[in-house]
Structures are given as structure tokens and as C-alpha cells.
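Computed from a predicted structure; not experimentally measured. Convention: sequence-line order gives letters A, B, ...; per-chain numbering from 1.
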Amino acid sequence: MSRYNPKEAEPKWQARWQAAGAFNAGTGSGKPKYYVLEMFPYPSGRIHIGHVRNYAMGDVIARYKKAAGFNVLHPMGWDAFGMPAENAAMQTGSHPRDWTYSNIDIMRSQLKQMGLSIDWSREFATCDPEYYVHQQRLFLAFWKHGFAYRKESSVNWDPVDNTVLANEQVIDGKGWRSGAAVERRKLSQWFLKITDAADDLLAALDDGRLAGWPDNVRTMQRNWIGKSNGLAMKFRFAAATTVEEGANTNAPPSGFEDGIEIFTTRPDTLFGASFIAIAPDHPLAMHYAEHDSDLRDFISDCQKLGTSEEVIEKAEKRGHKLNVEMSHPFDDRRLPVYVANFVLMQYGTGAIFGCPSGDQRDLDFAHKYGLAIPPVVLPPEADAKTFKIETEAYTGPGTLFNSGFLDGMTTEEAIAAATAKIEDMGLGKGMTQYRLRDWGVSRQRYWGCPIPAIHCEQCGIVAVPAADLPVRLPAEADFSEPGNPLDRHPTWKHVSCPNCGGKARRETDTFDTFVDSSWYFARFAAPDPDKPIDKGAADYWMPVDQYIGGVEHAILHLLYARYFTRMMKACGYLSVDEPFANLFTQGMVVHETYRDEADEWLLPEEVVIEKGAARRADNGAPVSIGPIEKMSKSKKNVVSPEAIAETYGADAARWFMLSDSPPERDVEWTDSGVEGAWKLINRIWDAVSPAEGLLKNVDLSNPAADDADKPLRQTTHATIAGVTDDIENFRFNKAIARIYEFMNALKKNAASSDWARAEALSALTQLAAPFTPHLAEECWETLGGEGLVCNAPWPQADPELLARDSVILGLQVNGKRRGELEVAADADNEAVEKAALSDEAVKRHIEGKTVRKVVVVPGRIVNIVAN
RNA sequence: GCGGACGUGGCGGAACCGGUAGACGCAACAGACUUAAAAUCUGUCGAGGGUAACCUCGUGGGGGUUCGAGUCCCCCCGUCCGCACCA
């Protein structure tokens, strides 16, 4: 018996697949199409085992669908623009382009080593000018269609490095490199009008267009879009109450003659209002800050928080009281006005009314500043005389009280009544508001797709003419300091205006990398040298039938891609509005983290662990074991697939990544796990290799099994049915468990006929093929199968062999298991009940008791209730 | 803080629609083979009690619904993902 040698077999089969063009997709076949896509990788350096898991999942689906008779498209490429390349340039002096392409070369060969069934002829990187030229074309089309515009928005500004910081580069309010306190600064930037599509993006989540998406992702997107119906209304300045020194105190500031416009989803609680709060960057706050240095200090404090919603929400609720008051629309109360750090300028109107009894943040704020807390909503079952708000706001529905004309109404009625009243008074209007904001796509960086626009002193902003595309990045740039190398490039930005020929400058911002990944799936399917998309091919392949990626992309990437697809459709490039028919979000591969005494991260291979204590492999120094975390380059808790492939082969790595843990859950890499996979590979080989040529000696299309073969044949067909169902439903871990069970059964039924063994072994080979494709080819060749197993049609289960003659039922007395009972599969309930009651164990437990009830669940259980 | 998930033996996990908890794998232990080790094969393997047949407990914690709860409901604890310039 020969030993299976993956080091020989794996490259051999990879070469044969390539020679046969086994995975190159065309549109010509009469088969139904199936487009499988895993989220393409960022070329960070080397692939790690987490990539292997992701791509192995897609590969199982792709290979299975191909066998099941589909014309499969399974492409691969690189999400190649982004900050790490630029950071590397600053640290090591390597050019982002060289760094990126050399990473791609390494990662491509690593991926090829994994034996994925990819159509490599379609490969591209988003940093290829041949790709981004089309992105620039798309952008110009979108701009023309009115989907793109410019407006001011806030960015994190590092005042020492003079550069814009990403949220992740802001650590505790400080720049990661300079350590300087970060400020918020306004920049004029490009935006795409995703809010115009909000309604349709929302509707598609529920109208069946995304029926193939997981519920949690749809829920997250629904909440992110955040449609809410509410009331936009103005609170007027109370007359002659402003006593601010040196200012025109009696008149409202110009632009605010009508008061402050707020947005609320709870107009029913208007009588519970005790203050008005506006965002620190609200124009009114800016206005008062001109003459109020305390307010200026407060605002600049707020701005040091950075721009991320997370830090703003987590920060202690603080406010700065303005020297003005607003009148309540329904009574003669006057409400103080605060500039408050928890009010967001981007949402609604940037101003709210605070109702402490009905909102936890408002309540915390009211306690802090000693404001009134009038309760206005009485929860069901509560007593108006005793009901009190103390430390918890009541946000649920109820009956209005202390609320004038709203008293006695339900929350719902009161919302309608208050809205109508405000509308009658001419103070406001009911409206729909979205939490979703327009998509800012400008980035002040070099390593991104240039935005094809020119700023002309005479003509304003002008599109780069189609003939001048692509706008290429300058080959050389200065990465020695932070900031945007394009902006400080000596020549690149100086151009003449395509309109008037006058002096002009290029847009020096590049696109957000989410733009690159918002249409790559269409380019894979339908490349065209002259146009972004070959519409005929796109109409054939789109949408992606199965998209696979991490749940961390549940909102941004997936929402942007959905919106981009709508824009592409509107501009005539595509015919679908949803890019991904089915979505699967897989879990991450996690690993323990290690640090040495100097607090430096260590690779797992640099650490030895004995009896729970970790030491350095080289010098034995103690190592502290950190939490199990997502594998990341920065924390060095990565496992290289190459080393695994060297020792055990790609099949073992693939098998282990898909066994054990359910694909949607995180999986921890363990060395013993991959050893187990290696053992299984040898068990399969040991089962198959003695049966050399077996398929040549029997005719599987002509059943020639006898009765003695029935147990093995039943197992074979149950396994075919089970594995097929498991793959269809992304239960790879269960499919693998079934293959193990099949292996065990094969051994128990070693005495079966050649025909039944041939059937079993060919099924085993084919069922394992999507998981361990190289091994399967080797097995297929040994058995004498025709052609490549990757081209063989998927085995079919015979329904007659799936039928069971008898079933074993659990016997319960008062809900506790007391025994079991084997009955014919078609036994009627009466017979089952009778047999159950005469069971010895049951008799013992009902002795001296009266049987009150017998519950028979056919095929499952019998429960006897007795007391 | 807000939104979304998850929590089952020593470990990864299985348990379909509320119906026999722990499939399958890993580790461990015992045995076979071997001069020996590795590999391989066979067996045991949730906890406690009992010579045994069996009994009791057990799915993060606390309540509830049900003939029956890992599964449904309420509250709590812990971990992970996202929060718009990481990809």
C-alpha cells in the first residue's frame, strides 16, 4: 500500500486542472450559470489561514455547483488600494505600488497552492490603471446623472502632522503617530447621494429581493438606514430674554428669526420638554461662540473627541448653557438652550428638544444640570399618582398625562395630534428622516483611484474629458512625511482647464477604497477593454449567486455595493439592482496572542507551550498568553498556510478549516486539528488505494448488488443525500462529520461485494472532492474513474435506499427518558402506545400511578404522563 | 452608548419545526502490534452515587410557559462584530 504524498500530488493536479482549463468560465454553454464570489482580499503581505477558510468555503460551493451541472464563474482579484501601502512607504521607503504588487505576487502563489477552482484569467487588482480607468468613467457617468456632489464635512485633523486621520488612527483623541490632540476640521469633499436610494435599499431588504441574505445582516442594514417618521419643528426665541453682554440680545441671530428647528420622533412628549440642545458644530453654536470664549472652549473640547459616532456616544454627556431661552409652543414655559456634546449635527437638524422622562440621555443630562423632569407618558398598569421617573427614563408606549390637550391619548394618538397641532400653528411639518448619511468618497491620500475632476478658477469644477482618462497616479511621489503626497507633488496637479484652457489644478483627493470594491464583482463577470462593463456578459452572469465574506462587512461594503449597483443600472451598465442574490457571512479564524517580556508580539511558531505555560522557542524566556483574537498581522497571531501545506498539504489545511466549527462561527486554529485532518486524508487514501482499477471492472450504471450489500448501500446513499444537503446549506462541518461516519461504516462493511464497494468508494471520492480536491483526483485516478473528478457529475442518492424500515423512539415517563422502543416506521400511534406501556422500564416507573395521558410523536418520542 | 450575534463535556462542536442532550472529530486513558518509539488498529471517555440492573444532577446565571425546553418568553452575566476615513 503506497503512502499518499501531497507534495507530489498537489502540484501535479493543479497543473492538470490548468492544462485542461477546468475552471475557465465562458458564457457559451447551455448550462445554467452560477457565480460564486468570495470577498476579494486586501494584499497585506501573505495570506493567513483565515483567508484559506474563506476561499475554501467558496471553493466547496464552486466545485459542488460545477459537478451539479452549473456553468460556474469563480474569479479572484485584489482590493489593492489603501492606507497600509502608504504607511509602509513612510516606514520603509518602498513605493506603495511596488509593495502592493509584490504582495500580490506572493499571495497569488499562496492561493494557487491551495488548489482553488478559480478562473485566474479574470484576475485584476483595483490599483491597475486598466481597472481604475473604468472606475473614473463610472464616476463621471454618476456625476452627470447627478449622483455626485460636493459639500463640506468634518474630518479628524492632526495639527502636528498636518494630515487627515482615519478613525482607527485616532487613539484616545490623539493622533497615532504624532500623539497630538486631534481636532475636527471641515473640508470640501465629494459625496454620493446614497440617501436618495435609502427607500429602495430599505424596501429590497424586505420585499424578497434579498431573500437569500441572512436575517441578521438585513436587520443591521435596516437599522443602519434608520428610517424614522417624525416632526421637524421650530422653537421660537422667547421675547426679550437674552441678556448676553455686548450682543444684540433681544433679536434672534440672523438666519434664526423663526427659531431653532429641531427633529423629533416623539412629538407626543412635547409637554415633557425641559430644554433644547444643539450640536457643537450647529451654526447657532458657532454664532454665539463668536462672543463667548467659554463656549469656544467647550466647542473645541467637543471637537477633540474626533468624528466617530462611537466616541461621541460613549463620552460623558456634557452641555454648555446659552444665555437664551426658547418658548414652548403649547404653554408659557421657557426652555433653556444648551450646546450639548451628544447631539449630532449630521442627524436630523442638529438640534433636539430634551424630554428627560422619555429619553435616557436627556434624563442623565437633566440630572447633571438640575433640569425639570416632568413625566408625560404613563406606562400601562402604572398609577398616575405614584408613577415617578428616577434613574430610568420610560421610553415605551403608554397614556399621556400632564400634557394639556394630549391627556388621555395613547402614544400613537398623541404623536398624530401633536404633529397636526404643530402643523396648524405653522411651526413645523411631519417628515421622514434617515439615519443614513450620504457617502463621502474623498480621501486625502496617494494610494487610491484619482478622482477625475479639475478645479478651474474660471469654470469651477470640471470633469476630466473622457479622452484624457485614465487620470493616472504620478509614478513618483514623496512619502517622507505625512499628508497627501498628491497635493504636494511638484507637477502632477498643475493642469490647464479642459473647458477654457486657463490655469487649473487637479483634484488631489482619491477615492475611498470602498468605491473600488463596490463594482469589482461586475468587472470580474463582464470585463471589456473599452467600457467598465460588457453589458451582455453582465446580463448573463449577474447577480452573484453566492457571495461569501466576513460579517464585519455586513453594513458598509454591502450597502455601498448595493447602492453602486443601482447607480450602474440607472446609467445603463447593468440590468439588476441587487448585486448579491445569496449572502453567507463566515466567522473569523482566531488564535491566542503572545507577548514577550519586552511586550513585543510573537508569532505562534516562536512560542512553545508546555503545561499551560508559554516560553520563547529560541531562548526560553517567559511569554504571556493574551486573549484569543482575530488573526491580524499587527498582533502576529497568524498561522501561515504555507507551513501547513509543506507539512500536511493544502487539502489538510482546507479540510481542517471546514471541519469542526460551523462556518458562520469563529474558529480557533489548533495544531492538533490539522493533524486530525491529515489522519483522515490517509484513512481515505488507505480505503481507496487497495481498490485500484475497481471502477474499470464494474458497471455502476447497471446495479449488481445483492441483499448482503444493503447496509453499505443504504449508508452510501444516506451519505450522498446528507452531504449534498449540508453543502447546499453551508453546513460544511456536518458534511465532514458525515464523511467520517461513512469511513467508519465502510470499515464495518468490508465484506460487501465489489459492486457495492465500487459504488461506495466512488461516492466517497466525489463527496470529498470539493473539500480535498487533490486527494480526490488521486483517488479517482486510482479507482479508474473517467477523466477528472472535478468534471464528473455529482452522485445522486436513490430514494428507495433512503427509506428506513424501522425507527427507534425515546420512551419518557413524565418527561424523563426511561428507555427506547424500536417500531416499524409506519406503525400507527395506537400500536406504539400499547408497546410503550408494556415496556419493562416504563412499567416500573408507572407502577402504583395512574396514566393520565400518553403523548405519541411519530418517529420521535412517546411520553407517558402518570401520577 | 447604540445596533447585530454568540455562550452545550478537558477542547471544537451535533441535536432539523419544542421531542432520546453530547453525533463526528481532537485530547486523554487502557489494550494490540513493535526490541523500542512513532504511525496504525481495538476499546473507554459529562459529573456524582451504586457490586449491579439502575438512580440523581447537567446546555453561562435566575425566573416562566409546556406532557416535554439547549431550543420559546422575561431579567441578568460574559465574549465577539459594526458604528460611516481600517479593509
Side-chain angles (χ1 to χ4, degrees), chain A residues 39 41-42 44 79 81-84 155-156 164-170 189 214-217 219-224 226 307-315 317 342 346 360-361 435-445 512-514 517 550-557 559-560 585 587-588 590 627-630 656 659-662 664-668 670 672-673 675-677 679-680 682-683 686 725 729 731 733-734 736-741 744 747 808-821 841 844 852-855 857 859-866:
Chain A
M39 292 177 184
Y42 179 78
S44 54
D79 189 12
F81 275 134
M83 296 204 308
V155 295
N156 299 308
V164 177
L165 297 177
N167 283 332
E168 69 156 14
Q169 298 173 324
V170 180
Q189 314 214 59
D215 289 343
N216 62 329
V217 174
T219 303
M220 282 189 259
Q221 291 213 347
R222 198 177 298 120
N223 292 337
W224 183 261
T307 58
S308 104
E309 191 163 307
E310 184 186 358
V311 296
I312 292 169
E313 289 279 330
K314 274 186 186 162
K317 312 289 172 275
F342 61 92
Q346 307 105 311
Q360 193 60 45
R361 291 180 304 187
R435 208 187 75 94
L436 181 69
R437 312 198 292 259
D438 275 341
W439 175 14
V441 294
S442 297
R443 297 292 181 270
Q444 294 68 40
R445 309 195 198 291
D512 176 9
T513 57
F514 276 124
S517 57
V551 72
E552 66 271 22
H553 295 292
I555 295 174
L556 294 181
H557 162 59
L559 197 62
Y560 292 147
T585 53
M588 297 172 301
V590 296
I628 295 171
E629 292 189 55
K630 175 180 175 173
F656 171 52
S659 63
D660 290 5
S661 285
E664 67 277 9
R665 216 183 285 181
D666 291 351
V667 61
E668 191 190 353
T670 59
S672 58
E675 281 162 26
K679 275 200 256 180
L680 181 276
N682 286 300
R683 280 177 65 192
D686 291 346
D725 190 51
N729 291 290
R731 294 188 296 243
N733 56 324
K734 290 179 65 183
I736 282 176
R738 274 184 217 279
I739 292 175
Y740 274 110
E741 286 176 324
N744 295 339
K747 199 178 291 170
I808 293 170
L809 305 181
L811 292 182
Q812 294 184 337
V813 176
N814 291 332
K816 282 192 178 169
R817 184 177 181 277
R818 296 301 178 186
E820 56 185 38
L821 181 67
R844 213 169 48 239
R852 301 290 174 190
K853 190 174 170 184
V854 179
V855 182
V857 184
R860 295 255 180 219
I861 207 168
V862 181
N863 188 16
I864 293 148
V865 186

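- For B:rG60 and B:rC55, the C1' atoms lie 27 Å apart once the distance is rounded to whole Å.
- In this structure B:rG9 sits in the syn conformation; its chi angle is within 90° of 0.
- Below the 3.5 angstrom threshold, one finds no donor paired with an acceptor across the side chain of A:Arg852 and the base of B:rC67.
- Only the P atoms considered, B:rC72 is 10 Å distant from B:rG7, to the nearest whole Å.
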**Request:** Heavy atoms under 4.0 Å is the rule here; annotate nucleotides 10-23 of chain B 5' to 3' with B where the base is hit, S where only the sugar-phosphate is, and - elsewhere.
**Result:** --BSSS---BBS-B
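- A salt bridge links A:Asp725 with A:Arg731: the closest approach of a Lys/Arg side-chain nitrogen to an acidic carboxylate oxygen falls below 4.0 angstrom.
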**Structure string for RNA chain B in dot-bracket form, Watson-Crick and G-U at under 3.5 Å, | interchain** = (((((((..(((......[....))).(((((.......))))).((((....))))..(((((..]....))))))))))))....
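- Look at CD on A:Gln221: it is 13 Å from C1' on B:rA84, rounded to the nearest Å.
- For the 3.5 Å distance criterion, the side chains of A:Asn863 and A:Arg817 fail to qualify, holding no donor opposite an acceptor.
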**Message:** Strictly under 4.0 angstrom, non-hydrogen atoms only: write out the protein contact profile of nucleotides 29-34 of chain B, one letter per nucleotide from the 5' end, B, S or -.
**Reply:** ------
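- Contact check, A:Lys679 against B:rA27: a side-chain N or O comes under 4.0 Å of OP1 or OP2.
- Taking atom P on both nucleotides, B:rG46 is separated from B:rA53 by 15 Å, rounded to a whole Å.
- Taking atom P on both nucleotides, B:rG19 is separated from B:rA15 by 12 Å, rounded to a whole Å.
- Between B:rG1, B:rC41, B:rA84, one nucleotide has an atom nearer to the side chain of A:Leu556 than all others, and that is B:rA84.
- For A:Glu309 and A:Arg435, the salt-bridge test passes: some basic side-chain N is under 4.0 Å from an acidic carboxylate O.
- Ranking B:rC24, B:rG1, B:rU56 by closeness to the A:Tyr740 side chain, first place goes to B:rC24.
- Here, B:rG9 and B:rG25 have their C1' atoms 14 Å apart, quoted to the whole Å.
- Relative to the side chain of A:Glu552, the nucleotides B:rG3, B:rG82, B:rG25 differ in distance, and B:rG82 lies closest.
- Between B:rG1 and B:rU71, the distance separating the two P atoms is 27 Å to the nearest Å.
- Taking 90° from 0 as the syn/anti boundary, the base of B:rC45 is oriented anti.
- Here, B:rG70 and B:rU59 have their C1' atoms 5 Å apart, quoted to the whole Å.
- Closest contact between the side chain of A:Arg443 and the listed nucleotides B:rA84, B:rC85, B:rC41 involves B:rC85.
- Distance from the side chain of A:Ala166 is smallest to B:rC86 among B:rG1, B:rC86, B:rU56.
- Contact check, A:Thr513 against B:rA87: a side-chain N or O comes under 4.0 Å of OP1 or OP2.
- A donor and an acceptor atom sit less than 3.5 Å apart, one in the side chain of A:Glu310 and one in the base of B:rC83.
- Atom CG of A:Asp438 and atom P of B:rC85 are 12 Å apart (whole Å).
- Taking only side-chain nitrogens and oxygens, A:Asn223 comes nearer than 4.0 Å to OP1 or OP2 of B:rG4.
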